[in-house]
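Notes to accompany the following structure.
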Amino acid sequence: MVYSEECAIIFRLKGILEFACQLDNPNGSQSQSTISKSFQGLRSKVSSKNIVFTVCNSPILIWPNTGFQSSMESLTEASACGDILQYIESDDGGSKKTLKKKDKKRSGHTVVNLKLLFEVTDPAGNEAPSLIRVDTQQHCVKMPLHLDCVLSVTTEESLASVCTGLVETLRKQLAEMEEVVQRYRKGSSFLVPQPFHFQLPEPAGLTTVIYPAGVPDSQLQAIREDLHRKFELPSDRPYLRRANAFHFPDVAYKDGYLRNPHIHLNPPNIEDAKLYLVQGVYIYHHYMQDRVDDDGWGCAYRSLQTICSWFQQQGYVETAVPTHTQIQQALVDVGDKEPRFVGSRQWIGSIEVQVVLNQLLGVTSKILFVSQGSELATKGRELANHFQTEGTPVMIGGGVLAHTILGVAWSENSGQIRFLILDPHYTGGEDLQTITDKGWCGWKGPEFWDQNAYYNLCLPQRPKTI
Amino acid sequence: MGRSYFVDETVEKYLGGLLADPGSCVTGFLAGQSSPQRDFVVLAVQTPQRESEGQLKSSRGSGPLDDIDVEWVTEHARQVSRMLPGGLCILGLFLVTPPELSKDAQNTLKRLIFAMDKCISKGRLWELTEEDVTDRVTLHICSKTKKTVCKTLDVKDPKSSAKPADWKYQTCVSSSWPMLTCSVEVDLQIPLTGSSSDNTDKCMKDCLTRWAKQIEAGNCLISGRQALDDSELISAQKKNLKTTHRQTFPARILVSDPELDERSSALVQLCSGSVRVRGVVHCRAYIHNNKPKARHAVQAIKRDIINTVSSRVEMFLEDLLISEGSRKGLCTGQQALPRRVFAPMPFSGLSVCDYMFPDESTADVADRLKEMLDWETPEEDIDISLESNQLFSPELEMTDSHSDDSRKHVISEVQVENPHIHKAPQYYAGVAVAATIALLATATSLLYFSE
């Protein structure tokens, strides 16, 4: 993982525009142009002098289309956009602040949220209202368009150019939304277009794609293939599934789980070691979560859950992470266990993990066997290769314990190695500070393993799909 | 600890000058502004005489108090409340009685207050907040001794009893009240489901209610600054202790389209037609100058925006009902809604407004002002310039230009498609009006489906 050193700001503009049109005959030839006209009207609306950007958590208002007016005298069109940051109140305090700083350093992004508003005062004319009645039978279509535009700039960029850029992005997004609406319309059935942002490798960068709501990822394969070609993305791993959407650093996850606690750790200090880490996002599953008391027997199940979460977060599967019961049922279903296994507190090992990954997720895994714990220190190259090519979390079971390996720090020359371990035996709450301080997620040396026990490692393989 | 009413001296003069026939009563309303700490009364107007047929009254026999036409009094108050700009409202009623009826006066006032409040709050598109004062004032004046008794009733609680209140006269209560103004563009597309007139009215009301919520939720800038938190309207540096002129603050309103529920597909309705309300409304609101909070001023101007649009749609539909007579409803094509004109309020320097139908003139407005406010207004004092009588041209739309400079409004003469058969004053008084008012009262309640 390479951390960007650039001081970049992401301007994120969100707003709702209502799309409305009246169709005489939804199946007729005229309807396409009527819909087009309505979208044209919306594009005019965002180009009009009535639109206003308000910077969230600040008193700043900007009229981007009236030769740049702002409600703050000190912010003019020539001001650097980074100047806005001093006026924004951050809304969390306390212990979270230190972590936030670290995160900012890691992601290199500050997000400035803007909201789109329309001024209804200061109209062009002063004609008193009139009532216009139309008496034809029509289909009245109404749909909220949730606009979500992003612009990634450096702090030196002028405010004026940021605003012009945002207006242009709004127009472009409306055009793309129109395309999606027209493509998926069947008569009077319209699907709502939804924007998703993806952090693609340079030069594409932060890119927005519009998908129709209600159409699952599996049916959008052809669209993704086109986009993979367009952005020159590898054709064997997903970048543009909805689950791959960029997570803005200032938005909290709704489910309360911790993701990627390892990014808050400092790597071990080994001379000329390289880091080979898990790619993408996983969720930390551990004892006692979800009100399931599996203290003492569930460690392998939790490691398996962490692996399943990885496949879900990267967009390979849409199913939820399986519960202990579902895991046990899967093993019964394939004939690996007797029916009374379900509801028991029996342990499972790497082989069972491999079986369940195949049964529930369609994922194949390689098994690596070491006859003695001391041998693990020699598996640096294999693990490094695994993290480089597959990048999936590894479940390791042996002795009486199961763990998850998230990466290795390995020196090809000296052979020195450290293991990044995620420990499922943690019984506390989702407290990042404790988890990192106490080593529930931490770097361990080869002495961590029981030197005499044998171990099996389950290395899940990425499906070759987009 | 009762409420305190600070009343302009001109109101004292007016009340003192009321002539009542011996043995009979005079009713009227009191208008002004309420604030959480105190209330200000700037206007008092007696209920206009109703030209009734013959000796209806004397045949009833139970006494002048019972003869008071509650419907008539409340209807007058309702009509006038449309004429009050933002921040001002009907605060209560007064009753002048001869000494022998004084003891029953309180009961009558209570009946009138509750009836009036019910009448006025029908058709209102915004909700009262916790900060809104729900006390209404009742003022009883003895015609012989000129003694006044002032009490308040809480219209939120019909079972409550009247509480005593202070009634103090002062000079120039409202002379330095700041005024907020703005012009708001309205463009509402209302699909009509169903075909009956009732349905049309309901669709319109639903749409207007949604629009009203959008306005209420909008950001408001007063003189370029947002009214956040509990700040005062007039900051310390701008305060002049004795300003002789009235400060005017332009207001700007910013809205966002409403957040509809999460859907994956569009809402499609089969409609029998649609109604579009489009144009620019000019709005005004006053706020008292006793350390007013910015958010109260914001609320006043927002409510004025909502009221002016809903009032004129209401008036248009009422007028249609009377002139068409049947349930035919709106006809196709473009019709002008009545436009807003302003005139000086009796005695105080504030303004009142009225709505002028396309076929009316300032003379009609002056007649109406005389009738409703008991006040002669010279025609030249009626300002009709704020809203123009030219109509938007619906064809000139949807240009794909990048800016809106090319949007020119086609000047078209106002086409009067439905000439109004009767002039406005006849609307409120005159022959066979008793029947019409009764019809109106029922029709209004049908039109606006009060829960």
Side-chain angles (χ1 to χ4, degrees), chain A residues 15-20 22-23 26 37-38 40-41 43-45 47-50 52 54 59 61 65 71 115-146 171 181 188-192 194 212-215, chain B residues 182-186 189 191 219 224 226 228 251-257 259-260 263-282 309 312 316 330-337 339-340 386-392 394 398-404 407 409:
Chain A
I16 303 179
L17 260 187
E18 188 178 71
F19 166 84
Q22 284 79 38
L23 299 176
K37 251 169 115 189
S38 287
Q40 256 175 33
R43 285 198 289 279
S44 291
K45 199 170 176 194
S47 300
S48 75
K49 63 178 184 61
N50 291 329
V52 183
T54 173
L61 294 167
N65 292 332
S71 66
K115 193 167 167 203
L116 180 66
L117 297 175
F118 295 92
E119 179 167 4
V120 290
T121 42
D122 195 22
N126 67 344
E127 294 81 348
S130 55
L131 212 94
I132 305 162
R133 165 131 186 186
V134 167
D135 228 349
T136 40
Q137 212 184 54
Q138 296 174 316
H139 289 80
C140 282
V141 183
K142 274 202 173 96
M143 175 163 68
L145 300 177
H146 289 257
R171 285 183 65 92
V181 167
S188 62
S189 162
F190 288 69
L191 292 180
V192 178
Q194 291 174 329
V215 178
Chain B
C182 62
S183 289
V184 177
E185 172 148 19
V186 179
Q189 186 75 265
N219 295 41
Q226 286 200 78
L228 302 163
R252 296 176 92 156
I253 309 276
L254 313 174
V255 300
S256 65
D257 273 348
E259 176 113 28
L260 303 172
R263 303 174 61 93
S264 57
S265 59
L267 181 65
V268 183
Q269 292 170 293
L270 187 56
C271 307
S272 55
S274 65
V275 171
R276 190 171 183 190
V277 177
R278 190 171 176 187
V280 176
V281 294
H282 183 84
V309 172
R312 36 186 117 190
F316 181 82
L330 299 165
C331 59
T332 52
Q334 187 172 13
Q335 289 174 285
L337 290 171
R339 65 185 169 118
R340 199 178 199 185
L386 294 155
E387 290 182 4
S388 124
N389 63 349
Q390 289 151 359
L391 301 179
F392 267 107
M398 309 298 179
T399 52
D400 195 18
S401 54
H402 278 237
S403 73
D404 260 357
R407 206 174 81 171
H409 304 299

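The sequence lines fix the lettering, A, B, ..., with proteins before strands; numbering per chain opens at 1.
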Could you go through the side chain to side chain contact (heavy atoms under 4.5 Å, CB included) check for B/Leu254 and A/Thr54 one step at a time?
CA-CA 10 Å; B/Leu254 313 174; A/Thr54 173; over 6 Å; no

Is there side-chain contact between A/Lys142 and B/Pro191, with at least one heavy-atom pair below 4.5 Å?
yes

Contact class of A/Leu61 relative to chain B, heavy atoms under 4.5 angstrom:
side chain

Output the distance between atom CD (B/Glu387) and atom CD (A/Glu127), rounded to the nearest 0.5 Å.
10.5 Å

For B/Arg312, is it the side chain, the backbone, both or neither that has a heavy atom under 4.5 Å from a heavy atom of chain A?
side chain

Give the minimum heavy-atom separation between A/Gly214 and B/Ser264, together with the two atoms involved.
N-CB, 4.1 Å

Would you mind checking which part of A/Val120 comes under 4.5 Å of any heavy atom in chain B, side chain (CB onward), backbone (N, CA, C, O), both or neither?
both

How long is the straight-line distance from OG of A/Ser188 back to CD of B/Gln269, given to the nearest 0.5 Å?
12.0 Å

Where does A/Asp122 contact chain B at under 4.5 Å (heavy atoms): side chain, backbone, both or neither?
both

What are the two closest heavy atoms between A/Ser130 and B/Ala336, and how far apart are they?
CB-CA, 3.9 Å

Is there a donor-acceptor contact under 3.5 Å from the side chain of A/Thr121 to the main chain of B/Ile253?
yes

Under 4.5 Å heavy-atom distance to chain A, tell me which part of B/Ser274 shows up: side chain, backbone, both or neither.
both

Value rounded to 0.5 Å, distance of CG in B/Leu270 from NE2 in A/His139:
4.5 Å

Greatest number of non-hydrogen atom pairs under 4.5 angstrom with chain A, of B/Val277, B/Val255, B/Val309, falls to B/Val255

Tell me, do B/Val186 and A/Pro129 make a side-chain contact under 4.5 Å, heavy atoms counted?
no

To the nearest 0.5 Å, atom CZ of B/Arg276 lies from atom CG of A/Leu131 at 11.5 Å

Of all heavy-atom pairs between B/Asp257 and A/Glu18, which one has the smallest distance, and what is that distance?
OD2-N, 2.7 Å

Toward chain B, the part of A/Leu116 with a non-hydrogen atom under 4.5 Å:
backbone

Return the minimal non-hydrogen interatomic distance between B/Ala266 and A/Val141, and the atom names on each side.
CB-CG1, 3.8 Å

At what distance, to the nearest 0.5 angstrom, does NZ of A/Lys115 lie from OG of B/Ser256?
4.0 Å

Residue among B/Ser265, B/Gly273, B/Ala251, B/Ser388 with most heavy-atom pairs under 4.5 Å to chain A:
B/Ser388

Among A/Leu191, A/Val215, A/Val181, A/Thr136, which residue forms the greatest number of heavy-atom pairs with chain B at distances under 4.5 Å?
A/Thr136

Taking every heavy atom of B/Val280 against every heavy atom of A/Pro123, the minimum-distance pair comes out as CG1-CG, 3.6 Å

Would you compute the distance between atom CG of A/Asn126 and atom NE2 of B/His282 and round it to the nearest 0.5 angstrom?
10.0 Å

